[in-house]
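Shown next, in structure tokens, is the structure this report addresses.
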Amino acid sequence: MDVVALVDCNSFYASCERVFRPDLNGRPIIVLSNNDGCVVARSAEAKALGIQMGVPAFQIEGEIRRHKIAVFSSNYTLYADMSRRVMETLRQFSPEIEIYSIDESFLKLDRTQDLLAIGESIRSTVRKWTGVPVSVGFGPTKALAKLANRLSKKSAGVMELTTREQQDEALATTAVSDVWGIGAASTNKLLRYGIKTARDLRDADDVWVRKLLTVVGLKLVHELRGIPAIDWEETVSPKKGICCSRSFGESVTTLEGLQQALATYVSRAAEKLRRQNSLANVVTIFFHSNPFNGDEPYQRSGVIAFPTPTATTNEMIRFVSDAAAKLYKPGTRLKKAGVILTGIVENSNCQLSLFYERDRQHDTALMSALDKINDRFGSRTMRFGAEGIDPKWAAKFEKKSPRYTTRWDELIEVL
DNA sequence: TCTGGGGTCCTAGGACCC
DNA sequence: TCTGGGGTCCTAGGACCC
């Protein structure tokens, strides 16, 4: 008989920063989103100060100074590498592992084992091998493991919800809004009918739930009852949409700037596309003004179908730049732009066109050379001129820590 | 002055077909 | 007075997640 464990890294980004800065032990830490915009991670000390997830950094400048909060820009290279280390460590405990996000994994374990002891062992091993603190929740389903994990963070860091009694108590004391999969919209609907706790939801009528929350909600209710309804996905399936979008460090006010930004984003998206061995049929571009600063709202988007499926960056840049020129209105201040690749197909089953010819072999060779160079010497070592050189619109990361684990020249120094 | 980014899944409704 | 029925496919939009 199986049991599901959910292992979740505590305050992941903040914890990654602390691993390399032991001087920050006990100090509140926050990590900011792109452009040093919003708070996306908070250490336990920062949470205790009442710093909310998602608040704009400029709104809490006073608190930051008063409490000497350590502030970091996002260092995705570091977090991705630390995540890989944590996940590799978790494989020691079960061959059946589903990496759910950068800081969470589901593991399948044998129910006959002493779960609390296993949980402790996971915590101490990951801590010792990577420096990252984790919490562990056990349950018969993913939703219950998730809930157990949530509750574990308020106590010893390990919690199991495997018996009916444990579940009854935990569900009764959990607000329905705290259930995994129940967001603001569903919470409002449920509260209107007097469903306040996770236990109320678990005990609701199937037909009624399906009508109110569709099959997604019904699956969730089954999970809360201990009946697995959410699939186990160990293999990463290829993405069906690949998006790359960014807010600008400085407003873009020219077509040229917009085209550079879009070229940069489509390059990144194409890179991801090639990495999963796919081609795209369609690219959507979008851009808009700043919705916060009182500027006239302005937004445009366009959908471009490629003549044949492609993963060739320079080909994409041409289509994207042409479309941008058609959509762009001079005299606007743009804050954000992005591209989305869709209509994604496997590289092997690609429908060619009779009337559109490109030297596909040449394209493939060029892209493969480009990817190899960037893999070896670092991302964006070689790129297209259309992306611009050191552009002003590029996002700001003014408080970024070194890439301690992935760059020889940024290794930690012990003096 | 300063407000993130990248995904998945489901449903409703329209277009189109026989 | 009478005005079919049953499908598929696509898209936009909503909801949710980390």
Side-chain angles (χ1 to χ4, degrees), chain A residues 6-13 30-42 52-62 64 71-76 79-80 83 98-106 142-143 146 149-150 176-190 210-220 229-231 233 236-251 265 268-269 271-273 276 281-282 284 286 288-295 301 303 305 333 335-344 395-399:
Chain A
L6 176 65
V7 184
D8 181 293
C9 301
N10 302 343
S11 311
F12 182 56
Y13 293 178
I30 59 173
V31 179
L32 306 179
S33 61
N34 275 10
N35 258 323
D36 298 339
C38 299
V39 173
V40 291
R42 306 155 294 156
Q52 294 298 306
M53 182 73 173
V55 289
F58 73 89
Q59 284 176 6
I60 54 165
E61 274 166 12
I64 290 174
V71 181
F72 291 94
S73 305
S74 289
N75 185 342
Y76 297 115
Y79 310 150
S83 172
E98 177 186 333
I99 298 174
Y100 177 68
S101 75
I102 193 161
D103 72 336
E104 278 175 63
S105 271
F106 290 105
K142 285 182 171 179
K146 192 89 185 165
N149 182 283
R150 191 192 154 78
V176 75
S177 58
D178 290 336
V179 173
W180 182 44
I182 299 295
S186 303
T187 299
N188 283 335
K189 286 189 202 167
L190 290 166
R210 195 190 187 292
K211 217 186 292 175
L212 196 74
L213 304 178
T214 78
V215 298
V216 182
L218 185 58
K219 275 185 171 180
L220 189 58
I230 299 172
D231 290 340
E233 290 167 37
V236 267
S237 34
K239 304 263 174 276
K240 298 166 186 168
I242 294 175
C243 173
C244 181
S245 72
R246 297 273 185 285
S247 293
F248 300 131
E250 204 168 280
S251 289
Y265 304 158
R268 177 84 191 98
E271 211 175 280
K272 291 187 202 168
L273 187 67
Q276 70 167 34
N281 275 289
V282 175
T284 302
F286 63 90
H288 60 77
S289 58
N290 189 331
F292 300 106
N293 68 351
D295 276 6
S301 67
V303 180
R333 298 205 304 160
K335 181 59 184 169
K336 183 173 177 175
V339 306
I340 309 166
L341 298 176
T342 50
I344 290 175
K396 307 270 185 288
F397 293 86
E398 279 164 1
K399 290 156 184 158

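So that the names make sense, note that chain A is the first sequence line, chain B the second, and so on, each numbered from 1.
The distance between atom CD of A:Glu398 and atom P of B:dG4, rounded to the nearest whole Å, is 16 Å. To the nearest angstrom, C1' of B:dT3 lies 8 Å from NZ of A:Lys335. Rounded to whole Å, atom C1' of B:dG4 lies 14 Å from atom CD1 of A:Ile102. One can place CD1 of A:Ile60 at 14 Å from P of B:dT3, the figure rounded to the nearest angstrom. In this structure, A:Ile30 places its CD1 atom 14 Å from P of B:dG4, rounding to the nearest Å.
As judged by a 4.0 angstrom heavy-atom cut-off over every strand, A:Lys396 is placed among residues making no nucleic acid contact. In this structure, A:Val339 reaches neither bases nor backbone, as no heavy-atom distance under 4.0 Å exists between it and the strands shown. Among the heavy atoms of the strands lying under 4.0 Å from A:Ile182 are primed sugar atoms or P, OP1, OP2 only; no base atom is included. Within 4.0 Å of A:Ile242, counting heavy atoms only, lie sugar-phosphate atoms of the nucleic acid but no base atom. Residue A:Gly241 is in sugar-phosphate contact alone, with no base atom involved, counting any heavy-atom pair closer than 4.0 Å across all strands shown. In this structure, A:Asn35 reaches neither bases nor backbone, as no heavy-atom distance under 4.0 Å exists between it and the strands shown. Residue contacts shown for A:Ser186 are limited to sugar-phosphate atoms, with no base heavy atom under 4.0 Å away. Using a 4.0 Å heavy-atom criterion, one finds that A:Ala395 contacts no nucleic acid atom at all. Nucleic acid contact class of A:Asp36 (heavy atoms, under 4.0 Å, all strands): none.
From A:Leu213, atom CG reaches atom NZ of A:Lys189 across 6.0 Å, with rounding to the nearest 0.5 Å. Interatomic distance, OG1 of A:Thr187 versus CG of A:Asp178, reported as 8.5 Å (0.5 Å rounding). Interatomic distance, A:Gln52 CD to A:Ile60 CD1, rounded to the nearest 0.5 Å: 10.0 Å. Distance SG/A:Cys244 to CG/A:Leu341: 9.5 Å, rounded to 0.5 Å.
In this model, the phosphate group of B:dG6 is approached by a side-chain N or O of A:Arg246 to a distance below 4.0 Å at OP1 or OP2. The side chain of A:Lys219 places no N or O atom within less than 4.0 Å of a non-bridging phosphate oxygen (OP1 or OP2) of B:dC9. Between A:Ser247 and B:dG5, a side-chain N or O to OP1/OP2 separation shorter than 4.0 Å is present. Between C:dC16 and A:Lys189, no contact under 4.0 Å exists linking OP1 or OP2 to a side-chain N or O.
Set against B:dT3, B:dG7, C:dC18, the side chain of A:Phe58 has B:dT3 as its closest nucleotide. Set against B:dG4, C:dC18, B:dC10, the side chain of A:Ser101 has C:dC18 as its closest nucleotide. When distances run from any side-chain atom of A:Thr214 to the nucleotides B:dT3, B:dC10, C:dA15, the shortest one goes to B:dC10. Checking C:dC17, B:dG6, B:dT3 against every side-chain atom of A:Trp180, the shortest atom distance belongs to C:dC17. Candidate nucleotides B:dG7, B:dC9, B:dG5 were compared by shortest atom distance to the side chain of A:Lys240, and B:dC9 ranks first. Closest approach to the A:Lys239 side chain among B:dG4, B:dT8, B:dG6 is made by B:dT8 (side chain taken as heavy atoms from C-beta onward). Minimum atom distance to the side chain of A:Lys146 is reached by C:dC18, of the listed C:dC18, B:dT3, B:dG6. Among C:dC17, B:dC10, B:dG6, the nucleotide with an atom closest to any side-chain atom of A:Cys243 is B:dG6. In the set B:dG7, B:dT3, C:dC17, the nucleotide with an atom closest to the side chain of A:Asn290 is B:dT3. Across B:dG6, B:dG4, C:dC17, the shortest atom-to-atom separation from the side chain of A:Ser33 is found for B:dG4.
Using Watson-Crick or G-U wobble geometry with both donor-acceptor distances under 3.5 Å, B:dC9 finds its partner in C:dG14.
Contact annotation: the side chain of A:Asp8 approaches that of A:Glu104 to within less than 4.5 Å [non-hydrogen atoms, C-beta and beyond]. Residues A:Ile230 and A:Trp180 meet the side-chain proximity criterion, which asks for heavy atoms closer than 4.5 Å.
Nearer the 5' end of DNA chain B, as judged by each residue's closest nucleotide, is the contact made by A:Gln59, out of A:Gln59 and A:Arg210.
Considering every non-hydrogen atom in both A:Ile102 and A:Ser83, the closest pair reads O-OG, 2.7 Å.
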